[in-house]
Amino acid sequence: FLRIEEKLQEHNMTQSELARKLGVTRQSVQYWCSGKFVPRLPMLCKIARVFHCHVEDLINEEEV
């Protein structure tokens with residue numbers, strides 16, 4: 001559903017690095033990447049800021 005893993009690769013960033021920047025656990029990022037959980041909108045906004053993109057850029061429209 002989300003393109004977080006793709007963005008991590010684009011920015012040469014690990015799940016642990018993203019977790020540290022967001023103040024969450026690596027496991028949370030892992031769950032988001034696997035599609036097990038979806039972060040709430042405020043967290044999606046933080047993720048978008050880390051990747052310098054819009055929230056819409058994190059959503060894989062093909063799977064919505």
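When all heavy atoms of Ser16 and Arg26 are compared, the pair lying nearest together is OG-CD, 3.2 Å. Of all the heavy atoms in Asn12 and Glu17, the pair that sits closest is O-OE1, 4.1 Å. Between Asp57 and Arg3, the closest heavy-atom pair is O-NH1, 3.0 Å. Closest approach of Cys33 to Leu8, counting heavy atoms only: SG-CD1, 3.9 Å.
Rounded to the nearest 0.5 angstrom, Phe1 CZ and Ile59 CD1 are separated by 5.0 Å. Going from atom CD of Gln30 over to atom CD1 of Ile4 covers 12.5 Å, rounded to the nearest 0.5 Å.
For the pair Leu58/Phe51, a side-chain contact is recorded, criterion being any heavy-atom separation below 4.5 Å from C-beta on. Residues Met43 and Val24 have side chains in contact (heavy-atom distance under 4.5 Å, counting atoms from C-beta outward). Between Leu2 and Ile47, every side-chain heavy-atom pair lies at or beyond the 4.5 Å cut-off. Between His11 and Val50, every side-chain heavy-atom pair lies at or beyond the 4.5 Å cut-off. When side chains are defined from C-beta on, Trp32 does not count as touching Val38, because their heavy atoms never get closer than 4.5 Å. Here the side chains of Val29 and Thr14 are not in contact, with every heavy-atom distance at 4.5 Å or above.
Arg49 pairs by the side chain to side chain donor-acceptor pair (under 3.5 Å) definition with nothing, not counting sequence neighbours.
For the residue pair Gln15/Gln27, the side-chain donor-acceptor check at 3.5 Å is not satisfied.
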